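To keep things clear, I will list the structure first and then write my remarks on it.
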Amino acid sequence: MVNKEEKLIFERSKKGRTGVEPPCSDVGDAIPEEIIPKGFLRSDIVGFPEVSELDVVRHFTTLSEANFGVDSGFYPLGSCTMKYNPRINEDLARLSGFAALHPYVPEEFAQGALELIYDLEAYLKEITGMAAVTLQPAAGAQGELAGMLIASAYFRDKGEHRSKVIIPDTAHGTNPATANLAGFKVVNLKSGKKGILEARDVAKVVDTDTAAIMITNPNTLGLFEKNIREIAEVVHSKGALLFCDGANMNALMGIMKLGDMGVDMVQLNLHKTFSTPHGGGGPGAGPLGVKENLIPYLPAPRIKKNNEVYSFEEKNTKSIGRLKAFYGNFSIMLRAYAYIQAMGGFGLRKVSESAILSANYIKERLKETYHLPFNVRCMHECVLTDKFQKKYGATTLDIAKRLIDYGFHPPTIYFPLVVDGAMMIEPTETESLEVIDSFISAMEKIAREASEAAELLKNAPSTTKTSRVDETLAARVPKLRWRPKG
Ligand SMILES: *Cc1c(COP(=O)(O)O)cnc(C)c1O
């Protein structure tokens, strides 16, 4: 349990207290005026905390205990794949031959690293069914951006001007932002009654001014876009491209290849699906896979293999250019490579099957207790709502906050936007049946509390350092800096 009164380290300060005492200078204290002029020297550091080593250790240990992560408990945050990351991949990422490799080292001395990049691209081609993959983008959203810039370059090259990108309401929020950033006009499309897209609805909006459609598959309702093949035909009949947001690949690995379904481009999130601590803002990797006809536009440089020698090829006049310094976040690639190697093809398929099974299990066990907007088989995540609890005044936010009291990280809430009061639960394949069962029973208890003692939910969480913060204020006017008094 977190110490509620943990002070700022500045408030622990006692005049004259120190952790370590460096030896006295044996070359004299005064710094010659010609080296650092007096005006630039401080005589004191105002407000600097004066604490002992033990103060520092206790302070930061206490703070670290206030943190919640995959290592501390169940983290069913939908559309995020917060799974356990095998520690062995951390060890591998720290191997000094890789970790200390300078990015400017000549290619002939970095053949091992280049081979790894080359092979990882090949694995991801196999997993997605694409003709080529670039590992350069540093995040899912940057992989999307690479895709949209490629769409732009592709049509410019063909002498066509296309201004629109179609985005269904079940797409991830980064998709419209990306299309907009790449200079396209976003056209919204409503998904069908079953929570997935119908090819005939796509046909109504796609035209020769459409550059692409961006489909998240599985979509943000956790449903598989079954009509993807027909949608691809409709889109291609107008010369447009089908971009698939593949950040939810944890549901598809080894089961189906998006490339076989007519998808022209797909981005993956290595930091969700392929082992890497995900969260905290990075680093990440959002590789982009493309079909043959789009290869010329891929970001430069591209990695090449000739006579068993690996190198980067910079020159490519049609390329959209460089997206990231050097060749992206190498340590993330290393973890993904190790993960794929360790799992193997059948292992990856098992990951997806188990992730899907876990989500469907939760859905089936909770669908009487919580409203289930789409009563169909889901993929790796399921969406429930607060419809039944609302009549007692308990909302999705209250339910999410109460879960914290039971030791669980809340699921993604109020997303997807198409579902009122959505709770999007993604258990992942790495959780045991016991953990999932205890989450289900917490959800059941909370539903009972909602009808019998709604104030418990309204005051939740009650076991944490802070309870409910004004989230708007906390985001807009964050308190980031401590100032000494007086
Ligand atoms: C997480 C996610 C993204 C964005 O990925 P980042 O690495 O955070 O930029 C895009 N699409 C989907 C479906 C996602 O789940």
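First listed ligand is number 1; within each ligand, the first listed atom is number 1. The structure displayed is predicted, hence computed values, not measured ones.
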Handout entry: Pair E160-Y154, side-chain donor/acceptor within less than 3.5 Å
Key = no

Problem - Side-chain touch Y361/I440, heavy atoms, less than 4.5 angstrom - result: yes

Exercise for the section: Would you kindly specify which portion of N269 sits under 4.0 Å from ligand 1, judged on non-hydrogen atoms: side chain, backbone, both or neither? Expected result: side chain

Problem - Main-chain N/O of C80 paired with H278 side-chain donor or acceptor, under 3.5 Å - result: yes

Fill in the blank from the handout: Near A139 (heavy-atom distance under 4.0 Å), the atoms of ligand 1 are 7 (O), 9 (O)

Completion exercise
For atom 11 (N) of ligand 1, the closest protein heavy atom turns out to be D245 OD2, 2.5 Å

Handout entry: Residue and atom name of the nearest protein heavy atom (relative to atom 2 (C) of ligand 1), distance in Å to one decimal
Key = K272 NZ, 2.3 Å

Exercise for the section: Using a 4.0 Å heavy-atom threshold (strictly under), name the region of S79 that reaches ligand 1: side chain, backbone, both or neither. Expected result: both

Practice task
Answer with yes or no whether the side chains of T273 and N250 bring together a donor and an acceptor at under 3.5 Å.
Solution key: no

Problem - Polar contact flag for T216 and ligand 1 (N/O pairs, less than 3.5 Å) - result: no

Problem - Backbone N/O of G421 and side chain of T396: donor-acceptor pair under 3.5 Å - result: yes

Completion exercise
for atom 9 (O) of ligand 1, nearest protein heavy atom and its distance come out as A141 N, 2.8 Å

Practice task
Report the part of Q142 (side chain from C-beta onward, or backbone N, CA, C, O) that has a heavy atom under 4.0 Å from ligand 1; answer both or neither where that applies.
Solution key: neither

Exercise for the section: Would you mind listing which atoms of ligand 1 come within a distance below 4.0 Å of any non-hydrogen atom of A247? Expected result: 2 (C), 11 (N), 12 (C), 13 (C), 14 (C), 15 (O)

Handout entry: Check against side-chain contact (heavy atoms from CB on, under 4.5 Å), I166 and M214
Key = CA-CA 6 Å; I166 298 167; M214 292 179 93; over 6 Å; no

Problem - Flag, side chain of R335 to backbone of S331, donor-acceptor distance under 3.5 Å - result: yes

Exercise for the section: Take atom NZ of K350 as the centre, draw a 6.0 Å sphere, and report whether it contains more than 12 heavy atoms from other residues, nucleotides or ligands. Expected result: no

Problem - Option set C80, C244, G140, criterion heavy-atom distance to atom 6 (P) of ligand 1, minimum - result: G140

Practice task
For E144, counting its heavy atoms only, list the atoms of ligand 1 lying under 4.0 Å from any of them.
Solution key: 10 (C), 11 (N)

